[in-house]
Structure formats: C-alpha cells, structure tokens
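Below: the structure, in structure tokens.
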Amino acid sequence: MAFSRAAKRSLGIMIANRLLNNASRRGFSGCATSRIFVGEGVQYGSSVPYASDANSVLYSRLSLLRRFSVETPAGSDQMSLIRQLRERTSAPIKDVKAALIDCNWDIEAAQTELRKRGKVLALKKSSRTAAEGLLALAQNETKAVVIELNCETDFVARNEIFQYLALSLARQALLSESLSHDVSGTFPVGLEQLEGMKLNLEHPKINGETTALNAVTEVAAIMGENIKLRRGFSMSASSSGVISTYLHTSPQPGLGRIAGILSLEVEGGNSKLDALQRVGSELAMHVVAAKPLFLTKELVASDALENEREVLKSQAETTGKSQMAIEKMVEGRLRKYMEEVVLMEQKFIVNDSVNVKTLLDNLSKEVGSPVKIGNFLRVGVGEGIDRLETLDSSEPVAQAA
C-alpha cells in the first residue's frame, strides 16, 4: 500500500524519536542530551557529539531515515522533472528517472550524475566497431576541410545532435591556423590535432567551451553508442585557383556520406569565375561517381601497372591465341584500365562524348587561359574500417599527387 507524503514524513519522525528515546534509556553517554525530539526542520545529529561506536551506528541509521521526511514531488511534478531532464540530456527515460530518484529529485544534481554515468559508459563502448556516420565539409574560396565522424548505426547519424557536432568540427578545422598550409595541395589532418581543437558549442544539449575529444565523448554518452572522430583532410588552392566540392547522400548542407573535392588552377588569374565554378562542381560530382585513383597516366604507380599487366596477360593466354595477339589484347585492356582509374582519361559523366582532358581544353578556351586540375580527393564514410581493424594498415584515399 502506497504511503502519502505526509504519512511518510510522520512515520519517519515517529521512528526517529523512538530510536533516540531508546538510546537515552539505555544510557548512551555520548549524546549531549539524554532525550531529543525530532521534528520537521531538525537536521538529525547536526549538533550531537559522538563518543561511542553505538552512537555512530544509531546516527548512521537515522541518516537513512531522512528520506522519509524529504519532500517527494507529486506525480505531475515528477513527470515534469523527467521531461525537463530528458530534454536537456536526451538520455533514456529509464536512466533519467533513476538519476532523479538517486538525487532526491534535484534536477541539477541528476544531470551531473547522468553525465558521469554516460562518460563511463562511452568509454566502455569505445572498442565497438563504428562504421556508420557522416562526412562534414567546410570551405572558403581557397580551402576545404572534410572530417569523418563515425557511429555504430545510421539511426544516430540522422540525429541532429550528432550532425551539429560533425558540422562544428569541420567549421572549426577550417578556421584553425594550425591546419593551414602555405602551399596548395591535399593534406591529411592529424587525429591529435583534430581532438585537441577548441570548440565553442551553442546547442541546447551540448554547449560551452570544450575540446573536440570531450565533445565527442559527451555526445557518445548521450547517444549510447561508440562515436569516433576518425580522420580529416584539407585541400588548399593557389590564389589563382578555385575549390569545388560535392557531397553525396546529403541530409543537410555540409554533410554527406561521400565527398568529392577538387581544385582548378588557372594561369594568369580567374577572370571568368562562374565558368570555373560550374565546371569545378561538375568535376567534383564526377570524382564521386567515377572513383578515379590517379590524376594522369604518368602518376599511375608502376607496381600497380605491372600487376594489372600480369593479370591481363594471364587472362589472355587462356584464349590459346598467338603471342602477338595476346600482346595486342593486353595493351588494349591496359588502355581500358587507364580510362577507368585515371581522372584525365575518364569519360565525363555529365557528357560521355568527351573525356575530362577534352573538357578542360574546352574550359581553357572559354576562360582564355590554360586550366588544369591541381588536386582531387574522394572520401567515403566507413571505407576500409574492417581492414583497418584486422590489418592495422592505413587506408588508401584517391587523390592527386
């Protein structure tokens, strides 16, 4: 049978008085008075000196009885506190209620307790595979930064707190002077640099000044999954170049699952910026769709070329044709291989009647100056994670040298 709040308080007072009076009759000499009346507003044992183990046991029991006299919120007030704390933390209702009960319905103390529990839980989950997530991209006229933030499920990747954190990380990386380079090119961003970035978050659930690592841990505690800041890349163009980007499967601007970044360099300045940006955007989309590995034929790794040649030769020899015919077959298939993996040799996805090299020649005529691709980069969420875990090897990323 449930006790009302008044009944609980009266019961606590009655039991406490009975214990103290019994203690007085049994002759506990450590108390300053031989009889104490406990009522509302009296803090048990606050002015009573201790002199014996028996008294210590007595007052330890009395401290437990304080919960009877604590004002427990009414049912509607409890629901309001649960709702408020859940809105603040996004923690599961079960955990929110348990924290409030443990903290005597003090919402501030309960929020602190939830954060402590969540961070411990996040550390325990840090060894679990996180192959989902999003890429966040930030850019200005001559620089672009992309970071990969992983989680365990696409459900968390769709959460607005997770997405806010990813965008905040990319924007701060773009502004970070430590990630700036004086020369144009594509550069990996060190994980320690990313984790040490200072963030000033302004979200109802995560706010204030903190480091990127602490913010990731806090969001992992809220989401209840392993969340990992995995890697980042930056690309810089010269003063006469432009940076173009494309994000595939984008839930909102600046986020996606596959990113294509490309820089166009113009000799003598970029007088026709609109044409450069238009073609640059189409080429960034092309990089995502066509998956090039090398910029030009000269940049194809010699060992990759020899391996491909050996494979093609073995396949051709099974036909039983003459050696001369086999050599022609191998050379023809090697040209096809180049068209598949070399950006300048690929058919342009927007207009497959021309290849990328011809497209740039036409663009050069349009702007009145030679235009070339400086660098390109293609990154996908979760690429190579299983292989990284089993082989502990670095993942190749398609980019220009």
Side-chain angles (χ1 to χ4, degrees), residues 131 135 146 148 185-186 188 231 233 235 244 246 248-249 257-265 279-280 282-364 370-401:
L135 299 171
V146 60
E148 181 177 354
T186 304
R231 57 180 176 168
F233 297 94
M235 181 182 293
S244 298
Y246 172 74
H248 186 64
T249 317
R257 289 188 56 84
I258 307 174
I261 310 175
L262 178 137
S263 66
L264 291 177
E265 304 288 344
V279 175
E282 292 175 345
L283 282 172
M285 186 187 303
H286 173 96
V287 166
V288 169
K291 303 179 183 179
L293 299 177
F294 309 97
L295 178 58
T296 65
K297 291 188 290 185
E298 293 74 21
L299 294 176
V300 177
S302 58
D303 55 348
L305 189 60
E306 286 303 315
N307 289 339
E308 188 68 19
R309 187 186 296 274
E310 289 297 324
V311 171
L312 295 175
K313 186 176 180 180
S314 298
Q315 293 174 350
E317 287 174 346
T318 60
T319 62
K321 295 184 178 180
S322 66
Q323 190 65 30
M324 183 177 295
I326 288 175
E327 290 296 328
K328 289 183 179 179
M329 290 174 63
V330 169
E331 292 303 318
R333 291 178 181 178
L334 275 179
R335 285 194 297 272
K336 181 67 174 177
Y337 171 74
M338 291 293 187
E339 292 177 1
E340 291 176 352
V341 300
V342 176
L343 178 56
M344 295 295 288
E345 305 299 322
Q346 288 178 334
K347 297 291 184 182
F348 186 39
I349 60 167
V350 178
N351 179 11
D352 61 5
S353 65
V354 297
N355 61 15
V356 173
K357 184 178 180 180
T358 303
L359 175 72
L360 289 178
D361 289 340
N362 295 337
L363 179 62
S364 298
V371 180
K372 67 177 183 178
I373 297 174
N375 296 274
F376 76 92
L377 174 69
R378 184 187 187 277
V379 187
V381 169
E383 288 176 331
I385 283 184
D386 290 336
R387 185 162 52 82
L388 280 171
E389 291 177 345
T390 56
L391 302 180
D392 194 26
S393 59
S394 58
E395 175 190 347
V397 178
Q399 58 179 318

So, for [X] and [Y], which heavy atoms are closest and what is the spacing to 0.1 Å?
{"X": "A259", "Y": "V146", "answer": "CB-CG2, 4.2 Å"}
{"X": "L299", "Y": "F294", "answer": "O-CD2, 3.4 Å"}
{"X": "A316", "Y": "I326", "answer": "CB-CG2, 3.8 Å"}
{"X": "V288", "Y": "Y246", "answer": "CG2-CD2, 3.7 Å"}
{"X": "L135", "Y": "R257", "answer": "CD1-O, 3.5 Å"}
{"X": "I373", "Y": "L283", "answer": "CD1-CD1, 4.3 Å"}

Quiz item: Residues in side-chain contact (heavy atoms from CB on, under 4.5 Å) with E282, at least two apart?
Solution: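 With neighbours one apart ignored, the set is R278, F348, V350.
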To the nearest 0.5 Å, what is the distance between [atom1] ([X]) and [atom2] ([Y])?
{"X": "K328", "Y": "S322", "atom1": "NZ", "atom2": "OG", "answer": "8.5 Å"}
{"X": "S263", "Y": "N375", "atom1": "OG", "atom2": "CG", "answer": "4.5 Å"}
{"X": "L293", "Y": "F376", "atom1": "CG", "atom2": "CZ", "answer": "7.0 Å"}

Exercise. For D361 and T358, test the side chains for any donor-to-acceptor distance below 3.5 angstrom and give the result as yes or no.
Key: no
Any side-chain heavy atom of [X] within less than 4.5 Å of one from [Y]?
{"X": "E383", "Y": "R378", "answer": "yes"}
{"X": "L360", "Y": "K372", "answer": "no"}
{"X": "M329", "Y": "T319", "answer": "yes"}

Self-check item: Step-by-step side-chain contact (heavy atoms from CB on, under 4.5 Å) determination, N355 to M344
Solution: CA-CA 7 Å; N355 61 15; M344 295 295 288; over 6 Å; no
Exercise. Mind running salt bridge (charged side-chain N to carboxylate O under 4.0 Å, His left out) on E148 and R231 for me, showing each step along the way?
Key: CA-CA 6 Å; E148 181 177 354; R231 57 180 176 168; 2.6 Å; yes
Exercise. Look at the side chain of E345 and the backbone N and O of V342, then say whether any donor-acceptor pair between them is shorter than 3.5 Å.
Key: no
Quiz item: Judged by atom type as modelled, is there a donor-acceptor pair below 3.5 Å linking the side chain of T186 to the main-chain atoms of M235?
Solution: no
Self-check item: Chi angles and distances behind the side-chain contact (heavy atoms from CB on, under 4.5 Å) call for I261, V379
Solution: CA-CA 9 Å; I261 310 175; V379 187; over 6 Å; no
Exercise. Please say which of K357, M338, H286, K291 ends up in a side-chain contact (heavy atoms from CB on, under 4.5 Å) with Q346.
Key: H286
Quiz item: Can you list every side-chain hydrogen bond (donor to acceptor under 3.5 Å, both in side chains) pair that touches residues 329-341, not counting sequence neighbours?
Solution: R309-E331
